[in-house]
Each structure stands twice: as C-alpha cells, then as structure tokens.
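Here's the structure we're looking at; comments come further down.
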Amino acid sequence: QVQLVESGGGLVQAGGSLRLSCAASGRTFADYAMGWFRQAPGKEREFVAAIRSSSGGTYYADSVKGRFTISGDNAKNMVYLEMKGLKSEDTAVYYCAVDARTSAYDFSRFYRAKGLYDYWGQGTQVTVSS
C-alpha cells in the first residue's frame with residue numbers, strides 16, 4: 001500500500017501563487033508516475049499535471065501550461081505543484097495520485113485517465129478569490 005498526504009492548499013487572491021506538496025510513504029516502486037488532479041464542486045475530477053520518476057518527464061493539462069510546474073524529489077518521495085497566476089477557475093480540491101503499473105510508453109498516451117492511477121491522497125483545498 002501507498003499513503004499519500006497533500007499539503008499547501010489555502011485561500012489566495014487571483015494572480016497569486018501556491019505550492020502544493022505530496023508526501024508518499026509505504027510501498028516503493030522502481031518506476032512510477034505521480035500526478036495531480038483537481039475536482040471543483042459539481043464537476044468531474046480532472047487531470048492537472050504528472051511526472052515520471054525515472055525520466056523526470058512532465059505532462060500538463062492545457063489549462064495550466066505555463067502557469068503550473070510539477071517537480072519531484074525521489075529521495076524524499078515527494079512531489080510538488082508550483083502554481084502561479086492563479087485564476088478563480090483553479091478553485092478545487094487538489095489530489096495527488098500514483099501510477100505504479102503503467103509502462104512509460106502507455107503512460108505517455110493515457111496519463112490524463114483517472115483510472116490509470118492506483119493510489120490517491122485525501123486532497124487539499126485551493127480557493128482563488130477574484
């Protein structure tokens with residue numbers, strides 16, 4: 001089992017910045033991907049960003065490209081999401097997730113799919129006021 005704990009959420013004004021952190025513990029994997037998803041009230045959970053542990057390759061949703069940056073620290077089992085230029089539409093609960101089964105090739109094609117990810121954190125609320 002893998003436990004994921006998110007932190008860093010909060011209330012910020014539009015145009016501001018936040019840095020989310022996700023701490024992973026438990027079972028370890030040779031190659032895996034960690035991702036961030038978000039879910040706004042009344043909406044489906046959607047992909048935000050992901051990073052592969054071995055290559056450091058990153059993936060982003062179009063809506064956050066150029067504003068959000070995902071990074072990881074394999075030694076500390078941490079993943080971060082630096083969010084800048086926040087907008088009211090970024091308001092959501094942000095979830096950290098781990099995919100430990102998918103090959104790098106398949107992940108590059110299907111990284112947006114929630115079903116790809118095996119483990120999920122409890123989420124952290126991000127609220128952007130306009």
Side-chain angles (χ1 to χ4, degrees):
Q1 284 290 347
V2 174
Q3 293 77 43
L4 301 172
V5 178
E6 304 95 335
S7 60
L11 174 64
V12 64
Q13 287 189 332
S17 301
L18 278 176
R19 187 192 195 211
L20 305 184
S21 300
C22 175
S25 62
R27 186 179 174 186
T28 59
F29 304 94
D31 186 24
Y32 58 93
M34 294 188 76
W36 288 96
F37 285 74
R38 67 186 181 187
Q39 187 167 16
K43 294 189 176 182
E44 292 286 322
R45 191 172 297 189
E46 64 174 4
F47 170 79
V48 176
I51 185 168
R52 283 209 69 91
S53 63
S54 54
S55 66
T58 56
Y59 305 84
Y60 294 95
D62 289 343
S63 59
V64 306
K65 276 181 184 176
R67 299 189 298 124
F68 291 11
T69 303
I70 188 170
S71 61
D73 186 332
N74 292 341
K76 295 182 179 179
N77 292 324
M78 296 287 296
V79 67
Y80 308 97
L81 187 67
E82 189 78 38
M83 305 185 295
K84 298 181 179 180
L86 284 162
K87 307 174 182 179
S88 57
E89 52 263 43
D90 294 319
T91 295
V93 177
Y94 283 70
Y95 297 89
C96 175
V98 169
D99 166 34
R101 295 177 294 142
T102 309
S103 69
Y105 174 71
D106 285 341
F107 186 81
S108 69
R109 299 165 64 199
F110 304 117
Y111 57 88
R112 297 178 185 87
K114 295 185 294 293
L116 216 61
Y117 297 80
D118 308 292
Y119 305 98
W120 293 82
Q122 293 300 306
T124 185
Q125 176 71 47
V126 172
T127 303
V128 183
S129 63
S130 56

Rounded distance (nearest 0.5 Å) linking atom [atom1] of [X] with atom [atom2] of [Y]:
X    : Y   : atom1 : atom2 : value
Y119 : Q3  : OH    : CD    : 9.0 Å
L18  : F68 : CG    : CZ    : 9.0 Å
K114 : Q39 : NZ    : CD    : 8.0 Å

Side-chain donor-acceptor distances from residues 93-101 under 3.5 Å, at least two apart:
from, atom 1, to, atom 2, distance (Å)
Y94, OH, R38, NH1, 3.0
Y94, OH, D90, O, 2.6
D99, OD1, R101, N, 3.2
D99, OD1, T102, N, 3.3
D99, OD1, T102, OG1, 3.0
D99, OD2, T102, OG1, 3.0
R101, NE, D118, OD1, 2.4
R101, NH2, D118, OD1, 2.9

Check whether any side-chain heavy atom of [X] lies under 4.5 Å from a side-chain heavy atom of [Y], and answer yes or no.
X    : Y    : value
Y32  : S54  : no
L11  : Q125 : no
Q122 : V5   : no

Do you know the tightest heavy-atom contact between [X] and [Y]?
X    : Y    : answer
F107 : A50  : CZ-CB, 3.7 Å
R52  : S103 : NH1-O, 4.0 Å
A40  : A92  : N-CB, 3.8 Å
L4   : A24  : CD2-CB, 3.6 Å

Listed pairs under 3.5 Å, donor-acceptor, residues 70-88 side chains, sequence neighbours left out:
from, atom 1, to, atom 2, distance (Å)
D73, OD1, A75, N, 3.2
D73, OD1, K76, N, 3.2
N74, ND2, S53, O, 3.0

**Prompt:** Is there a path of hydrophobic side-chain contacts, each under 4.5 Å between heavy atoms of I, L, V, M, F, W or Y residues, that connects V128 with V48?
**Reply:** yes
**Item:** ILVMFWY cluster, M34 and V64 together (side-chain gap under 4.5 Å)
**Value:** yes
**Message:** Could you work out, with ring-ring contact (aromatic ring centres under 6.0 Å, His included) as the rule, every residue matching F47, not counting sequence neighbours?
**Reply:** F37, Y111
**Request:** Starting from the C-alpha separation in whole Å, work towards a yes-or-no answer on side-chain contact (heavy atoms from CB on, under 4.5 Å) for L20 and T124.
**Result:** CA-CA 8 Å; L20 305 184; T124 185; 4.0 Å; yes
